[in-house]
Amino acid sequence: MDRHELLTLLQRLKSGELSPDEAIRQVERDSYQELGFAKLDHQRARRLGFPEVVYAQGKADEQLLEVCRAHLAVHPRLLVTRLAPERAPRLAAELLAAGLPGGHYNPTARTLSYGLAGIAPVGGVLVLCAGTADLPVAEEALETARILGAQVELVADVGVAGVHRLLAHQARIDAARVLVVVAGMEGALPSVVGGLARAPIIAVPTSVGYGTGLGGVAALLTMLNSCAPGVTVTNIDNGFGAGYAAALINRGPQGQ
């Protein structure tokens, strides 16, 4: 509900056209949509500039379908994260059968996106990942930044075990507005990039690694203790959080 809609509601309440209970129900209805098992926050796009994102893992197929259908009835853009490849075809087919446009599924990122065709990407987000095993997290960051309107590129397999591979992309690093750097094992890549880049760096530890990597804890601690300036760290495997933050930095204050 924007300022004009709220003012109209108050005027109708003042004139007696609406009772206080009816006004409260309308505010609640416009604030979120009650589905019983979920409350869709339809006002999030007005507050934050992008609608609510749907996390697929842990939701039953029927719940996921109902949430996505209700969301797309109001917003043209939608991002579904952590959607397993075996679940994606059924969801996409049922949404298409409901008369909704086709989406873009990335099986590596496990994301389903709607509304990409209507986006004019801006700026420059560069996603770097240390190894091929880090690609699921890196591509989740890429797809997230892309649906939020960022011009985004991915450079894979540039870990510190062969640092010359990273240095070959110095021009891309220099041109980026913000970098997302994804690494598992010991997590050293963001520190190296921090010594090469003038832009902010969002470091993402992954759970890739052998036993003493502790499921990504070793990489997380390395990144948190980086001596390189300008490095900020997300949670383990949180490509979504990194991509979202990168897109916000990329578009600048007030969404410009």
Side-chain angles (χ1 to χ4, degrees), residues 31-45 47-119 125 127 129 132-150 152 154 156 180 182 184 202 204-208 215-216 220 234-248:
S31 297
Y32 62 86
Q33 182 177 353
E34 178 63 68
L35 298 179
F37 61 89
K39 294 176 175 60
L40 290 187
D41 182 5
H42 288 311
Q43 285 196 350
R44 190 171 301 190
R47 297 196 314 271
L48 305 182
F50 189 77
E52 192 168 13
V53 174
V54 178
Y55 183 77
Q57 191 172 321
K59 290 183 176 67
D61 288 348
E62 294 73 18
Q63 293 173 332
L64 185 58
L65 174 62
E66 188 172 349
V67 168
C68 292
R69 185 189 292 136
H71 178 104
L72 287 168
V74 178
H75 305 284
R77 278 198 287 174
L78 171 64
L79 176 64
V80 182
T81 65
R82 300 301 167 96
L83 179 61
E86 62 270 18
R87 302 181 69 192
R90 178 186 172 189
L91 176 64
E94 290 184 336
L95 289 172
L96 196 61
L100 295 164
H104 164 68
Y105 183 66
N106 182 326
T108 303
R110 296 178 294 165
T111 59
L112 179 62
S113 305
Y114 286 84
L116 284 170
I119 296 173
V125 173
V127 180
C129 78
T132 305
D134 300 310
L135 275 173
V137 176
E139 293 212 21
E140 183 181 60
L142 178 145
E143 294 290 354
T144 302
R146 178 178 287 157
I147 194 69
L148 266 73
V152 58
L154 171 65
V180 175
V182 181
I202 302 171
V204 190
T206 73
S207 52
V208 171
L220 172 64
T234 72
N235 200 355
I236 298 167
D237 291 337
N238 190 8
F240 164 74
Y244 201 109
L248 293 180

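- Shown here for Ile119 and Ile147, the closest heavy-atom pair between the two residues is CD1-O, 3.4 Å.
- Using a distance-only test at 3.5 Å, with no hydrogens or angles considered, a donor-acceptor pair links the side chain of Asn106 to the main chain of Ala109.
- Annotation for Ala141 and Val180: closest pair CB-CG1, 4.1 Å, computed over non-hydrogen atoms.
- Under 3.5 Å, the side chains of Glu143 and His104 contain a donor-acceptor pair of N or O atoms.
- If you take SG on Cys129 and CG on Leu135, they are separated by 4.5 Å, rounding to the nearest 0.5 Å.
- In this structure, the separation between OG1 on Thr234 and CG on Leu220 is 8.5 Å, given to the nearest 0.5 Å.
- Arg69 and Glu66 are not joined by a salt bridge, as no carboxylate oxygen comes within less than 4.0 angstrom of a charged side-chain nitrogen.
- Note that NZ of Lys59 is 9.0 Å distant from CZ of Arg87, once rounded to the nearest 0.5 Å.
- In this structure, the side chains of Asn238 and Phe240 come closer than 4.5 Å at one or more pairs of heavy atoms.
- Minimum interatomic distance between Pro101 and Leu96 (heavy atoms only, all atoms of both residues): C-CD1, 4.1 Å.
- Taking each heavy atom of Ser207 and Gly215 in turn, the nearest pair found is CB-O, 3.3 Å.
- To the nearest 0.5 Å, atom CG of residue Leu83 and atom CG of residue Leu91 are 6.0 Å apart.
- To the nearest 0.5 Å, atom CG of residue Leu100 and atom SG of residue Cys68 are 9.5 Å apart.
- Using cut-offs of 30° and 60° for the angle between ring planes, the His42 and His71 rings count as tilted.
- Here the closest non-hydrogen pair linking Thr144 and Gly243 is CG2-C, 3.9 Å.
- Of the options Leu78, Thr81, Thr111, Val80, a side-chain contact (heavy atoms from CB on, under 4.5 Å) to Val53 is made by Thr81 and by none of the others.
- With sequence neighbours excluded, the residues that form a side-chain contact (heavy atoms from CB on, under 4.5 Å) with Arg110 are Arg82, Pro85, Tyr105.
- Closest heavy-atom contact between Pro136 and Ala133: CD-O, 3.5 Å.
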